[in-house]
Protein chains: 2
Amino acid sequence: MNADEKKKVQKIFTEYLEKHGHRKTTERFAILDEVYSTEDHFDVDSLYTLIKKKKHHVSRATVYNTIELLLNSELIMKHQFGKNLARFEKSFAYKQHDHMICEDCEHIFEFCDPRIQQIQSTVGNLLHFSITSHSLNLFGKCNELAQKGTCQYKN
Amino acid sequence: MNADEKKKVQKIFTEYLEKHGHRKTTERFAILDEVYSTEDHFDVDSLYTLIKKKKHHVSRATVYNTIELLLNSELIMKHQFGKNLARFEKSFAYKQHDHMICEDCEHIFEFCDPRIQQIQSTVGNLLHFSITSHSLNLFGKCNELAQKGTCQYKN
DNA sequence: GTTTGTGCAAATTTTTTGCATTACA
DNA sequence: TGTAATGCAAAAAATTTGCACAAAC
């Protein structure tokens, strides 16, 4: 997408790799590039397919390996949206948000509500639990469906 | 646990099976029994192991099959707590609650905060999304660890 | 030139499916 | 007795691992 953003995340990833003594391979940067080329949430296999289609040959094992590095460098976030399939999203210039998942078209919408932070600190204090993160997912039917009876996102 | 509760859930399951033309097999009731004998959240494999240890011989396929029926009869709930492993809990006489997961000992704590309902309706209205359910998970370190440096739940 | 990282394939883990046999209704 | 459910084993799906070769440093 944004060339400027891509340069920034490449720099972050480079620094991360150098700091941790990892090699800067073309595969790793091809994967980073593909991750930051999509606006959507993705899973490992669809990312693998996208990369294979468009550019460098990369194996699934390398995608899994690199996903791990991208998680550690905080360039992506991992989610579980009810299915036994890990989903990811890029997280540079990330604004805290949660997800609303349409059970019909599977499209993922993002939202943000400050009350979640309040719940987090209330509950953390109450139970002496030091909370590092949260995940809030709302499930239902999206407005596309409710309003039009059909859905632009479906399949 | 509670013999009275067990009778009630057996009745519910019996009615569900009859209503949907499913057979009342010993395996299905053995699985229901085991589910309601634990206070904890469980995954399919640990449930399978428990049943195999204690009673009737039941195959994994049957456990998966029965879990599906128990979900449909609303006698259990399904969760995804960040791992690629479905977790379940019994849900008869269920009080709405969310979960706090210790990243260290993996123990699951339950809590309830009414503000989550408010978020749900605010966001639903705002985005014309009809919300049927939510899942809120808080991740962090439990008080056992924070206060004592060690944890009763660990392993 | 070392070593780490990659690709491939094989192994693991979690879940699903096909089919012969069992047992509920 | 007829058919749905079970057990088993094999298939799928998602992920991890081992090892020989390739390529960073």
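Throughout, a chain's letter reflects where its sequence line sits, starting with A, and its residues are numbered from 1.
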Decide whether B/Leu136 and A/Phe109 are clustered together by the hydrophobic rule: side chain heavy atoms of Ile, Leu, Val, Met, Phe, Trp, Tyr closer than 4.5 Å, transitively. yes
Are B/Leu69 and B/Phe42 linked, directly or through intermediate hydrophobic residues, by side-chain heavy-atom contacts shorter than 4.5 Å (ILVMFWY only)?
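In one cluster with B/Phe42: B/Leu69, yes.
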Practice item. If you link ILVMFWY side chains whenever their heavy atoms are less than 4.5 Å apart, which other residues fall into the same cluster as B/Tyr94? By chain and number, please. Key: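 For the cluster that includes B/Tyr94, the remaining residues are B/Met77.
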So, using salt bridge (Lys or Arg N to Asp or Glu O under 4.0 Å) as the criterion, who are the partners of [X] when residues are at least two apart?
X: B/Arg28; value: none
X: A/Lys78; value: none
X: B/Glu106; value: B/Lys83
X: A/Asp113; value: A/Arg115

5'-most to 3'-most nt of DNA chain C touching chain A (<4.0 Å, heavy-atom partner on protein side) reads C/dT3 to C/dT15
Note: contacts of residues 10-26 of chain B with DNA chain D (heavy atom, under 4.0 Å) are B/His22, B/Arg23, B/Thr25
Counting primed atoms, P, OP1 and OP2 as sugar-phosphate and everything else as base, the B/S/- map of nucleotides 7-20 of chain D against protein heavy atoms under 4.0 Å is BB-----SBBB---
For residues 41-51 of chain B, the salt bridge (Lys or Arg N to Asp or Glu O under 4.0 Å) pairs (sequence neighbours left out) are B/Asp45-B/Arg60
**OP:** State yes or no: are the ring centers of B/His79 and B/Phe88 separated by less than 6.0 Å?
**Re:**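 No, they do not, as the ring centres are separated by 6.0 Å or more.
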Exercise answer: donor-acceptor pairs, residues 10-20 of chain B side-chain atoms, under 3.5 Å, sequence neighbours excluded:
from	atom 1	to	atom 2	distance (Å)
B/Thr14	OG1	B/Gln10	O	2.6
B/Glu18	OE2	B/Lys24	NZ	2.7
B/His20	ND1	B/Tyr16	O	2.9

Run B/Lys90 and B/Glu5 through salt bridge (Lys or Arg N to Asp or Glu O under 4.0 Å) and show every step you take. CA-CA 11 Å; B/Lys90 58 182 179 178; B/Glu5 182 179 272; 3.7 Å; yes
Residues at least two apart in sequence or cross-chain that pass side chain to side chain contact (heavy atoms under 4.5 Å, CB included) with A/Ser133, listed by chain then number, are B/Glu103, B/Phe139
Computed from five pairs at either end and rounded to 10 degrees, the angle between the axes of the helix from C/dG1-D/dC25 to C/dA25-D/dT1 is 30°
